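Structure first, commentary second.
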Number of protein chains: 2
Amino acid sequence: MTNNRSTSDKILQAAIDLMAEKGYDGTSTKEIAQVAGVNEVTVFRHFGTKGNLLEAALKRNHYAEEMTKLFHDRLVGDLHTDLLLIGRTYHQIMNQNRKLILIAQKGGSSLPEGVSEEADRHPQQLKKLLTDYLMEMSNEGKVMITNPELQALSFMWMHYGAFNSWLSTHVLEEFIEESTRLFARALTP
Amino acid sequence: MTNNRSTSDKILQAAIDLMAEKGYDGTSTKEIAQVAGVNEVTVFRHFGTKGNLLEAALKRNHYAEEMTKLFHDRLVGDLHTDLLLIGRTYHQIMNQNRKLILIAQKGGSSLPEGVSEEADRHPQQLKKLLTDYLMEMSNEGKVMITNPELQALSFMWMHYGAFNSWLSTHVLEEFIEESTRLFARALTP
DNA sequence: TAAAAATGTAAGTAAGTACTTGCATTCAAG
DNA sequence: CTTGAATGCAAGTACTTACTTACATTTTTA
């Protein structure tokens with residue numbers, strides 16, 4: 001079709017904003033064009049279909065490998081310190097992708113397939129990293145394990161709930177500290 | 001309009017099922033009628049508008065006062081025992097209302113106002129009950145409090161995440177036991 | 001400045017939406 | 001058996017949707 005980066009970007013951003021608020025079905029191409037400040041025809045010239053539009057938006061938002069790198073490079077082997085860093089990084093990444101996550105949550109009748117899978121990938125990966133970390137720490141006698149997978153999931157679900165509550169940065173930071181204390185105390189032998 | 005209970009019920013159930021799966025916007029009255037096994041006109045004769053349909057579905061699903069009763073009557077003052085009962089009751093209530101909660105989560109362009117508020121009421125209430133419980137237990141020296149509100153929220157968010165993951169009853173029960181152990185251990189002085 | 005690419009404008013298509021109307025049919029209650 | 005309520009059926013309204021086509025205008029590039 002065409003390629004003017006700034007026009008494409010304006011359209012993508014408008015689509016993401018609107019769909020995060022009103023869902024895929026509830027957002028019309030006409031409205032996307034209007035918010036982007038272009039003609040509706042231009043939307044179709046750039047992306048062909050409404051579905052392509054969302055898929056393009058997905059590709060633009062690189063789900064970070066940041067988390068994997070963190071687990072390999074920046075953990076120090078102290079439970080409280082590590083959980084704090086993991087929690088903070090988790091929210092940082094989730095916030096970057098908040099709108100796409102919202103779109104996936106809301107769903108839609110003709111939502112392109114990749115969307116839900118893409119939204120699932122990240123937590124799946126974190127669960128594995130966190131479970132492995134707990135088992136390793138257990139081997140070193142630094143953590144009390146019963147069911148490491150469920151313990152990892154508890155940690156993640158707790159943070160996911162906080163993420164969904166749109167906390168202010170201040171309250172969020174308080175929560176991260178409080179919940180880390182809680183978990184570290186529960187898991188320390 | 002009219003009142004044949006079994007017809008109304010069939011329509012309401014079809015609407016709830018479809019909207020929980022595809023969202024309010026993504027569900028057409030035509031499809032609702034088809035799944036309910038009635039003519040589309042009958043849907044409008046019973047409920048007038050699509051919005052009324054959802055509101056009627058809301059009223060049918062009585063959000064339980066069960067939780068309040070539980071906190072007043074059935075808690076015994078032992079942290080582990082109480083948290084276990086609270087967790088189990090939480091999931092029981094949430095499962096009863098799963099589909100309506102899904103509809104509220106997905107949202108929609110013309111979703112009637114009451115829906116989101118109704119879906120919020122229950123967690124709000126639980127948060128207060130749980131916070132008060134923790135403070136009371138703290139007064140008796142049975143619990144170690146730092147920020148009781150955040151501690152209550154952590155507990156709720158963790159369970160909310162589990163609820164959203166559609167666990168089998170077996171895994172869910174395992175999770176409830178594991179997370180209760182975890183919390184009880186963290187909060188015990 | 002001239003060609004080419006990107007956009008705007010206007011109009012239209014085909015399908016779907018919520019909702020209505022008029023009339024025929026079923027069915028239960030008096 | 002008759003009446004009236006509940007439903008089915010067929011058609012239609014007014015509107016929105018995603019998407020297309022043809023042509024004129026602007027902007028970029030060479």
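Throughout, protein chains are lettered first and strands after them, A, B, ... in sequence-line order, and every chain is numbered starting at 1. Quick caveat, the model's predicted, so the values are computed rather than measured.
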The side chain of [X] lies closest to which of these nucleotides: [options]?
| X | options | answer |
| --- | --- | --- |
| B:T49 | D:dC19, C:dT20, C:dC19 | C:dC19 |
| B:V38 | D:dA18, D:dG8, D:dC9 | D:dG8 |
| A:T42 | D:dA10, D:dG8, C:dT7 | C:dT7 |
| B:E40 | D:dG8, C:dT21, C:dA18 | C:dA18 |

Nearest whole Å is fine: how far is [N] [atom2] from [X] [atom1]?
| X | N | atom1 | atom2 | result |
| --- | --- | --- | --- | --- |
| A:N52 | D:dC19 | CG | C1' | 12 Å |
| B:R45 | C:dA24 | CZ | C1' | 11 Å |
| A:N39 | C:dA6 | CG | C1' | 12 Å |
| B:F44 | C:dG22 | CZ | C1' | 17 Å |
| B:I11 | D:dA6 | CD1 | C1' | 11 Å |
| B:L54 | C:dA18 | CG | P | 13 Å |

Open item on the list: Test of understanding: clusters of I, L, V, M, F, W, Y form through side-chain heavy atoms closer than 4.5 Å, transitively. Do A:V43 and A:V35 belong to the same one?
Closed with: yes
Open item on the list: Could you see if B:L102 belongs to whatever hydrophobic cluster contains B:Y160? Use Ile, Leu, Val, Met, Phe, Trp, Tyr and a side-chain cutoff under 4.5 Å.
Closed with: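 They do not share one cluster, since no chain of ILVMFWY contacts under 4.5 Å joins B:L102 to B:Y160.
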Open item on the list: Quick one about B:N147 and B:Q151 (side-chain donor to acceptor, distance below 3.5 Å, no hydrogens or angles considered), yes or no?
Closed with: no
- [ ] Could you tell me whether A:E66 and A:K69 have a side-chain N and a carboxylate O separated by less than 4.0 Å?
- [x]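 Between A:K69 and A:E66 there is no salt bridge, as every charged N stays at least 4.0 Å from the carboxylate O atoms.
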Task: Ion pair check, A:K99 and A:E21, cut-off under 4.0 Å - done: no
TODO: Answer yes or no: does a side-chain N or O of B:T7 lie under 4.0 Å from OP1 or OP2 of D:dT7?
DONE: yes
Task: Residue-phosphate contact under 4.0 Å: A:H46 side-chain N/O, C:dA6 OP1/OP2 - done: no
TODO: Kindly say whether B:G77 contributes a backbone atom to a donor-acceptor pair with the side chain of B:K142 at under 3.5 angstrom?
DONE: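 Present.
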- [ ] Measure across A:M158 and B:S154 and return the closest heavy-atom pair with its distance rounded to 0.1 Å.
- [x] CG-O, 3.4 Å
Task: Nearest heavy-atom neighbours spanning A:T131 and A:A152 - done: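 Residues A:T131 and A:A152, closest heavy atoms: OG1-CB, 3.6 Å.
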- [ ] Find the bend of the helix from C:dT1-D:dA30 to C:dG30-D:dC1 as the angle between its two terminal axes (five pairs each), to the nearest 10°.
- [x]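 Inter-axis angle at the ends, rounded: 20°.
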Open item on the list: So if I take residues 17-34 of chain A and measure heavy-atom distances to DNA chain D, which residues fall below 4.0 Å?
Closed with: A:T27, A:S28, A:T29
Open item on the list: Taking the six-membered ring for Trp, are A:H159 and A:F155 closer than 6.0 Å centroid to centroid?
Closed with: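 When the ring centroids of A:H159 and A:F155 are compared, they turn out to be within the sub-6.0 Å range.
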